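A quick note: this is a predicted structure, and the numbers were derived from the prediction, not measured.
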Amino acid sequence: LWVDALCIIQDSTEDMSREISQMAQIYNFAMVTVAASRARTVNEGFQQVRDAGDPPYLMFERPYKTRRGELGSITLHSPSPFGRVGRYEPLAVRAWAFQERLLSPRLLDYKTRQLRWVCRHTDFHKIPGYVDGCESGADHHTSLVHRRWLFNPNNQKNDCLEDWSKIVGIYSGCSLTFFSDKLRALSAAAEKFGIVLSDSYVAGMWKSALHFNLSWHRKRQFRAPLSARPRAYQAPSWSWVSINEPVIMYSPTYYRAMNN
């Protein structure tokens, strides 16, 4: 059993650096990762009674018998965009939890309105747009579409670079207590990605696609004011890591599509 809050000495820089360097192996080789997604703090817990949340016409309940013969019920939700099953959970917007979800082969996700099982063996090509009964667009962090580089090392390099661009877009919108951790909190994913890609990692981007990645820009949000750059150094000014806002980073595939 490995619990980050217990297995990392929080006030020890040396211990934290040592554990962070092993995170790619810890999560990638874990039998299962339990995510307390619904909890806002460590004191809140995650096994409370769930509120289905959706209007009655978007859901219905069916009886269910377990393999042991126990009787219960399952609540089925409509995949309608008006439903709230795919709402963002407190843990889903934390940057440090991002790579945990990305790298884990199996995830038991305790959400506010459902208990969700995400498994590496899911074939997302069979049901386009859905991952284990939940819309992939509603939960970017565990979408298998964005994790195909991890599952299949034979993917084309351009496909891997495109996935990294999507990952950056999602991760850059996550929250951090200390923005100086921005590169460290994604380091395990970058390590795994670098093995598949066989490329050099440069401040959140890849050397072979640096001329494409450098065209990143701040995500234009409706009426959102432009924030000043951080006073403390985080990364070179040409890297998306140097600002603390959601960004869009383009891949070679995007530019080739534009040219065509």
| message | Set out, in order, the CA-CA distance, both residues' side-chain angles and the distance that settles side-chain contact (heavy atoms from CB on, under 4.5 Å) for Ile9 and Glu14, then state yes or no. | response | CA-CA 9 Å; Ile9 302 174; Glu14 181 182 350; over 6 Å; no
| field | Check: Trp238 main-chain N/O paired with Trp216 side-chain donor or acceptor under 3.5 Å | value | yes
| Do you know the tightest heavy-atom contact between Ile167 and Leu102? | CD1-CD2, 4.0 Å
| query | If every non-hydrogen atom of Ser37 is compared with every non-hydrogen atom of Pro90, which pair is closest and at what distance? | reply | O-CD, 3.1 Å
| query | Quick one: NZ on Lys111 to CZ on Arg38, what's the gap to the nearest 0.5 Å? | reply | 12.0 Å
| note | Rounded to the nearest 0.5 Å, the CG atom of Asp15 sits from the CD1 atom of Ile8 at a distance of 7.5 Å
| task | Only pairs at least two apart or in different chains count here, so list each side chain to side chain donor-acceptor pair (under 3.5 Å) that has a residue in residues 197-207. | result | Asp199-Ser208
| So Leu115 and Asp109, side-chain contact (heavy atoms from CB on, under 4.5 Å) or not? Walk me through it. | CA-CA 6 Å; Leu115 174 60; Asp109 198 358; 5.9 Å; no
| request: Report yes or no: does Trp240 contribute a side-chain atom to a donor-acceptor pair with the main-chain N or O of Gly204 at less than 3.5 Å? | output: yes
| For Ala30 and Pro105, which heavy atoms make the closest approach, and how far apart are they? | O-CG, 3.3 Å
| message | Does Tyr233 have more than 12 heavy atoms from other residues, nucleotides or ligands lying within 6.0 Å of its OH? | response | yes
| field | NZ-OG distance between Lys192 and Ser187, expressed to the nearest 0.5 angstrom | value | 14.0 Å
| query | At their closest point, which heavy atom of Ser242 faces which heavy atom of Pro236, and how far apart are they? | reply | CB-O, 3.3 Å
| Which heavy atom in Ala35 sits nearest to a heavy atom in Leu91, and how many Å separate them? | CB-CD2, 4.0 Å
| task | Using the test ring pair (Phe, Tyr, Trp, His ring centres under 6.0 Å), find all partners of Phe46 that sit at least two apart in sequence or belong to another chain. | result | Tyr110
| query | Shared ILVMFWY cluster between Val202 and Leu214, side chains joined below 4.5 angstrom? | reply | yes
| query | Val241, Leu210: one ILVMFWY side-chain cluster at the under-4.5 Å cut-off? | reply | yes
| message | Using ring centroids (six-membered ring only for Trp), state whether Tyr171 and Phe98 fall under 6.0 Å. | response | yes
| Hey, does the side chain of Ser239 reach the backbone of Ala203 with a donor-acceptor pair shorter than 3.5 angstrom? | yes
| Looking only at atom types and distance, does a side-chain atom of Ser104 sit under 3.5 Å from a main-chain N or O of Arg106, one as donor and one as acceptor? | no
| query | Which atom pair, heavy atoms only, marks the closest approach of Cys160 to Phe193? | reply | O-CZ, 2.8 Å
| said: Is there a side-chain contact between Glu19 and Ile26 in this structure, where contact means two heavy atoms from C-beta onward sitting under 4.5 Å apart? | reply: yes
| said: Would you say that Arg184 contacts Trp96 through its side chain, given a criterion of any heavy-atom pair below 4.5 Å between the two side chains? | reply: yes
| request: Using a cut-off of 6.0 Å, state whether more than 12 heavy atoms not belonging to Glu61 lie near its atom CD. | output: yes
| Rounded distance (nearest 0.5 Å) linking atom CD of Gln99 with atom CD1 of Ile20 | 8.5 Å
| query | Any donor and acceptor pair, going by atom type alone, linking the side chain of Lys166 with main-chain N or O of Met249 inside 3.5 Å? | reply | no
| Does a side chain donor of either Gln234 or Ser180 reach within less than 3.5 Å of an acceptor in the other side chain? | no
| Rounded to the nearest 0.5 Å, how far does CD of Glu89 lie from CZ of Arg40? | 10.0 Å
| said: Is any side-chain heavy atom of Val168 closer than 4.5 Å to one of Val247? | reply: yes
Let me check something: any side-chain donor-acceptor pairs from residues 62-70 under 3.5 Å, sequence neighbours excluded? List them with distances.
| from | atom 1 | to | atom 2 | distance (Å) |
| --- | --- | --- | --- | --- |
| Thr66 | OG1 | Arg68 | N | 3.3 |
| Thr66 | OG1 | Glu70 | N | 3.1 |

| Value rounded to 0.5 Å, distance of OH in Tyr250 from OG in Ser165 | 10.0 Å
